[in-house]
Amino acid sequence: MYHDPPSNQWFGFQAWSMERVAELYQQTGNTSAKAILDKWVTWALSKTTINPDGTYLIPSTLQWSGEPDTWNASSPGSNSGLHVTVADYTNDVGVAAAYAKTLTYYAARSGDAAAKSTAKALLDGMWNNYRDSLGIAVPETRSDYGRFNDSVYVPSTFSGTMPNGDAINSSSTFSSLRSFYKNDPAWSKVEAYLKGGAAPVFTYHRFWAQADIALAMGSYAELLE
């Protein structure tokens, strides 16, 4: 997954990693952590939209250009030749929760009003707009499910079977090795898409996202309420 799609193009990894930096800063006041956060939070907030109804958009796909400086531990460079732009935006609740935690920990130590208000707006926005009987989630259009027909490399000299009996050979595809998907009640949506129809829309209540949301709300209540 780190290569396809490239993980450094996903804002979620920014939010997760910077959350740890913000936790360190909140606990210790580390000046190096603050210097990184001051710059990152300013950039992230400039790419965040909070709508009047509480819905929001945060970065999703990042595009990088240039290169970082050659690492010099005794004199780190500023990476002035490395640049990033936001290719598209999302209302993904899991990433928004991780981002809100980063803002919460940063605001708790720095007193930054914009970080505090944006963290609250993200948490309120998902609670008021995206909550259902199972948790908090948003519908996702899954065009990537078109890859169910992608070929899987199997040497021509090998053949075998999956535990469920699916054949493994040089003609195998992602879906041919997982025929059990066809028993899923929602398979018809994916099948229609593979035949040229519209990309399916699903609402997933991922455990990691639900946990991140709960932790974000707890962190905000503990540190900023």
Side-chain angles (χ1 to χ4, degrees), residues 7-62 64 68-69 71 73-80 82-131 135-138 208-225:
S7 292
N8 70 342
Q9 292 184 5
W10 184 50
F11 180 74
F13 274 112
Q14 292 278 319
W16 277 346
S17 58
M18 293 307 296
E19 176 192 334
R20 277 62 174 175
V21 177
E23 289 169 344
L24 171 68
Y25 169 59
Q26 186 271 329
Q27 288 288 306
T28 67
N30 183 282
T31 56
S32 295
K34 182 180 187 301
I36 295 171
L37 288 161
D38 286 346
K39 187 174 182 179
W40 187 88
V41 168
T42 298
W43 168 78
L45 291 178
S46 75
K47 304 299 181 183
T48 300
T49 300
I50 306 295
N51 297 311
D53 64 355
T55 58
Y56 57 82
L57 287 173
I58 61 176
S60 181
T61 306
L62 305 178
W64 298 88
D69 296 333
W71 175 246
S74 61
S75 181
S78 63
N79 293 327
S80 60
L82 180 65
H83 307 283
V84 66
T85 56
V86 178
D88 52 41
Y89 295 81
T90 185
N91 60 355
D92 183 277
V93 294
V95 177
Y99 177 27
K101 276 193 286 181
T102 303
L103 297 177
T104 294
Y105 281 98
Y106 175 71
R109 185 78 184 204
S110 69
D112 188 281
K116 178 181 179 180
S117 63
T118 303
K120 185 177 189 302
L122 292 171
L123 297 174
D124 287 345
M126 66 177 72
W127 181 261
N128 294 326
N129 291 282
Y130 307 132
R131 177 166 44 101
I136 297 176
V138 293
W208 74 261
Q210 305 307 298
D212 250 359
I213 293 165
L215 290 168
M217 291 182 173
S219 297
Y220 188 92
E222 179 181 18
L223 298 172
L224 297 177
E225 280 290 291

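Note that the structure is a prediction, hence the values are computed from the model and not measured.
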Could you tell me whether the side chain of I58 reaches within less than 4.5 Å of the side chain of L122, counting heavy atoms only? yes

Is a side-chain N or O of D69 found less than 3.5 angstrom from the main chain of P76, in a donor-acceptor match? no

If we only count heavy atoms from C-beta on, is the L224 to T104 side-chain gap below 4.5 Å? yes

R109 CZ to E23 CD distance, which is reported to the nearest 0.5 Å: 14.0 Å

Measuring from F11:CZ to K47:NZ, what's the distance to the nearest 0.5 Å? 11.5 Å

Judged by atom type as modelled, is there a donor-acceptor pair below 3.5 Å linking the side chain of T102 to the main-chain atoms of A15? yes

Return yes if some donor-acceptor pair links the side-chain N/O of T118 with the main-chain N/O of A115 below 3.5 Å, else return no. no

What one should report as the nearest heavy-atom pair of A108 and L223 is CB-CB, 4.0 Å

Would you check if the side chain of D88 reaches a backbone N or O of T61 as a donor-acceptor pair within less than 3.5 Å? yes

If you measure only the distance, is there a donor-acceptor pair under 3.5 Å linking the side chains of T28 and N30? no

Could you pull out the closest heavy-atom pair between Y105 and S219, with the gap in Å? OH-OG, 3.3 Å

Output yes when a side-chain donor or acceptor of D92 lies under 3.5 Å from a complementary backbone atom of G94, and no otherwise. yes

Roughly how far, to the nearest 0.5 Å, is CG of L103 from CD of E19? 10.5 Å

Answer yes or no: is there a donor N or O on one side and an acceptor on the other, between the side chain of W64 and the main chain of N8, under 3.5 Å? yes

Once you round to the nearest 0.5 Å, how far does OH of Y25 lie from OH of Y106? 6.0 Å

Side chains of V86 and L62: does their closest heavy-atom pair fall under 4.5 Å? yes

Derivation and outcome, side chain to side chain contact (heavy atoms under 4.5 Å, CB included), residues Y56 and M126: CA-CA 8 Å; Y56 57 82; M126 66 177 72; 4.0 Å; yes

Counting C-beta onward and ignoring hydrogens, is there a side-chain heavy-atom pair between Y130 and T55 closer than 4.5 Å? yes

Mark yes or no for whether E225, through its side chain, and Y220, through its backbone, hold a donor-acceptor pair below 3.5 Å. no

With sequence neighbours left out, the residues meeting ring pair (Phe, Tyr, Trp, His ring centres under 6.0 Å) with W208 are W16

Going from CD1 on I50 to CG on L45, what distance comes out if it is rounded to the nearest 0.5 angstrom? 9.5 Å

May I ask you to test the W43-V84 pair for a side-chain heavy-atom distance under 4.5 Å? yes

Under 3.5 Å: donor-acceptor pair, side chain of Y99, backbone of A44: yes

From CA spacing to verdict: salt bridge (Lys or Arg N to Asp or Glu O under 4.0 Å), D38, K34: CA-CA 6 Å; D38 286 346; K34 182 180 187 301; 2.8 Å; yes

